[in-house]
Q: 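The structure that follows is given in the form of structure tokens.
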Amino acid sequence: MKNMIQSLKGTRDFYPTEMAARTWLYQVLRQISESFGYQEYDGPFLESINLYAAKSGEELVKEQSFVFPDRGGDLITLRPELTPSLARMVAGRQGQLVYPLRWWSFGPFWRYERPQKGRTREFFQWNVDMIGANSPEADAELIAILVTFFRQVGLGTEDVLVCINNRRLLDAQLSGMGITPEMKPSISRWIDRRDKMNPEAWDAYGLESGLSAAQLVLMKEMLASQDLWQQSDELVRLFSALEALGVSAYVRYDPGVVRGLDYYTGTVFEAQDVRGDVRRAILGGGRYDNLLADVGGEPLPGVGFAMGDVVIGLILESKGLLPADLGKCPADVIVTVFDQERQGASLSLAASLRQAGLNVICYPEAAKLPKQFKYADRLGIRLAAVIGPDEAANGTVTLKDLSSGDQTTVARAEAAQHLKEMLG
RNA sequence: GUGCCUGUAGCUCAAUGGCAGAGCGCUUGACUGUGGAUCAAGUUGUUGAGGGUUCGACCCCCUUCAGGCACCCCA
């Protein structure tokens, strides 16, 4: 053990159980995405650093992405997110695509950060985007997709909540308080940190960020408001659409949601674990109406969200919502090997059973039957087929159901049919 | 990148600076053509790694690696 080369910090080994969980999640996400008519796509895992530097702030990319020079000296990066790639892909075929386009993806991403609970350096993300529509109803559709996902995996309103705000409404509020455009980024950051600091420190931080005492009071009032959304036509239409889509129970207006991304322009939202076991956002998203133009395309509005596999995996696991049989051996049948003399008969029986469509393991060597049965038992294989001296002499095979203990001896040619019936 | 905590058998954890242990697991047998249960026996270690202090280090000190928590950040 001591000389074993360890996995890289922040990466995960996917043993069969974990791999099955990932595949299961992928399959659920596909089903949900496709039920809303979204098409699957993917971008490259490697991108030029310039793709992100254009929009996300250069220091951030350099400090939090895996960046290295290729052999020609150009800086390339393991993609830290998908939206810029999506924008480039759409811009690259802007005239040939059918709008509004609805695309989804599930793949790996990398961020060079310090790993901790719910955060790794290599993770998978579900991305869902609609480009070419700018209605609040389009925003509502994206939120309905993620709520449908929550419902599908068994997360109820007592587990998760989608908090929604609107950047334009927030901007108008800030302007109304006399906050200048130059101050807005730092004020946004200050708002974003409200839940992460104690009240006194947060107040002090707000004053440091340039708020006057009077503005601080106004800000607190604004952030406590439950019905400010009624002043935003977009939010009124959004919540109306969410009602029609049947997902109102999962959503709430939250004037404190700002999201970290610079490119969001309108609706922003994030989903949180209600009980707060994991204090990290489960997913985040919003409307980005300028991103296409920013990567060199014609202006096109977009809205989308991304969900990482790590936090949702922790939540599903803690609530017992992952399927119970993940990572089980896929074999339906084990063919035992009585002794070396009978091994050939077992191998050919296994081959014929596979030919008939069954998943079959043949024990790889002659061994005591108890050992072979125990092996099958531990792998969760339901059925066993035995060819011993008696069966070999008669051209038969003994079939046993390992869960009930029942067994029967049949002609070898009928074995596949019998086994299928036993599988039910 | 910063601070704090943790690291002992495959797993969960004991051992006040003085012989490295327990439970579970695993192997074998009771049962040489039938698994799960029971019983019995056996097995499991460079105490994360490297250095230092000491007659003697799992224990104290330094360094390093890994994990957790909180910062930072979350595109």
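Just so we're on the same page: letters track the sequence lines, and every chain starts at 1. Everything numeric here is computed off the predicted structure, so don't read it as measured data. Quick note: numbers below take in every heavy atom, side chains included, and nothing from hydrogens, waters or symmetry partners.
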Q: Are the charged groups of A:Arg102 and A:Glu141 less than 4.0 angstrom apart, N to O?
A: yes
Q: Using atom CZ of A:Phe66 as one end and atom P of B:C73 as the other, report the distance to the nearest whole Å.
A: 20 Å
Q: Sort out the partner of B:U53 for me: Watson-Crick or G-U wobble, both distances under 3.5 Å, none otherwise.
A: none
Q: Would you mind classifying the nucleic acid contact of A:Gln407 as base, sugar-phosphate or nothing, using non-hydrogen atoms under 4.0 angstrom?
A: base
Q: Which whole-number value in Å describes the distance from A:Arg114 CZ to B:C5 C1'?
A: 12 Å
Q: Closest to the A:Thr398 side chain: B:C73, B:A66, B:U34?
A: B:U34
Q: Measure distances between side-chain N and O atoms of A:Glu391 and base N and O atoms of B:G33, and say whether any donor-acceptor pair falls under 3.5 Å.
A: yes
Q: On the 0 to 90° scale, with breaks at 30° and 60°, tag the A:Trp110-A:Phe45 ring pair as parallel, tilted or perpendicular.
A: tilted
Q: Rounded to the Å, how far apart are A:Leu399 CG and B:U34 P?
A: 17 Å
Q: Base, sugar-phosphate alone, or nothing: which one does A:Gly308 contact when heavy atoms must sit under 4.0 Å apart?
A: nothing
Q: Any base atoms under 4.0 Å from A:Lys400, or only sugar-phosphate, or nothing? Heavy atoms, all strands.
A: base
Q: Using a 4.0 Å heavy-atom cut-off across all strands, classify A:Gly284 as base, sugar-phosphate, or nothing.
A: nothing
Q: Tell me the interatomic distance from A:Tyr15, atom OH, to B:C11, atom P, rounded to whole angstroms.
A: 10 Å
Q: Of the options B:C71, B:G33, B:A66, whose atoms approach the side-chain atoms of A:Arg119 most closely?
A: B:C71
Q: Could you tell me which nucleotide pairs with B:C58 by Watson-Crick or G-U wobble geometry, both distances under 3.5 Å, or answer none if nothing does?
A: none
Q: Is there a Watson-Crick or G-U wobble partner for B:U12 with both distances under 3.5 Å, and if so, which one is it?
A: B:A22
Q: Between B:U6 and B:C26, how many Å separate the two P atoms, rounded to a whole number?
A: 33 Å
Q: On RNA chain B, does the nearest nucleotide to A:Asp401 precede the nearest nucleotide to A:Gln116 from the 5' side, or the other way round? Give the residue.
A: A:Asp401
Q: Over all strands shown, is A:Pro389 touching base, sugar-phosphate only, or nothing at heavy-atom distances under 4.0 angstrom?
A: base
Q: Can you tell me the pairing partner of B:C73 across any strand shown, Watson-Crick or G-U wobble, with both distances under 3.5 angstrom?
A: none
Q: Suppose you measure atom P in B:C5 against the same atom in B:U63; what distance do you get, rounded to whole Å?
A: 13 Å
Q: In whole angstroms, how far is the P atom of B:C5 from the NZ atom of A:Lys117?
A: 20 Å
Q: Which word best sums up how the rings of A:Trp190 and A:Trp202 line up, parallel for under 30°, tilted for 30 to 60°, or perpendicular for over 60°?
A: parallel
Q: To the nearest Å, give me how far apart CD (A:Gln340) and C1' (B:G33) are.
A: 18 Å
Q: Using the C1' atoms only, state how far B:U44 lies from B:C24, rounded to an integer number of Å.
A: 13 Å
Q: Say we look at B:U47 and B:C19: how far apart would their C1' atoms be, to the nearest angstrom?
A: 15 Å
Q: If pairing requires Watson-Crick or G-U wobble contacts with both distances under 3.5 Å, which nucleotide is the partner of B:A40?
A: B:U28
Q: Under 3.5 Å, is there a donor on one side chain and an acceptor on the other for A:Gln407 and A:Thr398?
A: no
Q: Rounding to an integer number of angstrom, what distance separates B:U28 and B:U43 when you compare their C1' atoms?
A: 10 Å
Q: Students often get this wrong, so: under 4.0 angstrom with heavy atoms, is A:Phe338 touching a base, only sugar-phosphate, or nothing?
A: base
Q: Is the ring pair A:Tyr375/A:Tyr363 parallel, tilted or perpendicular, if the boundaries are 30 and 60 degrees?
A: perpendicular
Q: Salt bridge or not for A:Asp289 and A:Arg167, using N-O below 4.0 Å?
A: no
Q: Can we say A:Lys374 and A:Asp377 salt-bridge, meaning some charged N sits less than 4.0 Å from an Asp/Glu carboxylate O?
A: no
Q: Any donor-acceptor pair under 3.5 Å joining the side chain of A:Lys368 to the base of B:U32?
A: no
Q: Name the pairing partner of B:G7, where a pair is Watson-Crick or G-U wobble with both distances under 3.5 Å, or state none.
A: B:C65
Q: Say we look at B:U8 and B:A14: how far apart would their P atoms be, to the nearest angstrom?
A: 10 Å
Q: Please state whether the phosphate of B:C26, meaning OP1 or OP2, lies under 4.0 angstrom from any side-chain nitrogen or oxygen of A:Arg378.
A: yes
Q: Between B:G48 and B:A30, how many Å separate the two P atoms, rounded to a whole number?
A: 40 Å
Q: Is NZ or CZ of A:Arg12 both nearer than 6.0 Å to the six-membered ring centre of A:Phe14 and within 45° of the ring axis?
A: no
Q: Rounded to the nearest Å, what distance is computed from the CD atom of residue A:Gln372 to the C1' atom of nucleotide B:C31?
A: 16 Å
Q: Under a 3.5 Å cut-off for both contacts, is B:U46 paired Watson-Crick or G-U wobble with anything, and if yes, with which nucleotide?
A: none
Q: For B:A20 and B:C72, measure between their C1' atoms and round to the nearest Å.
A: 42 Å
Q: Do any side-chain nitrogens or oxygens of A:Lys371 fall under 4.0 Å of OP1 or OP2 in B:U28?
A: yes
Q: Expressed as a whole number of angstroms, how long is the span from A:Ile334:CD1 to B:U34:P?
A: 16 Å
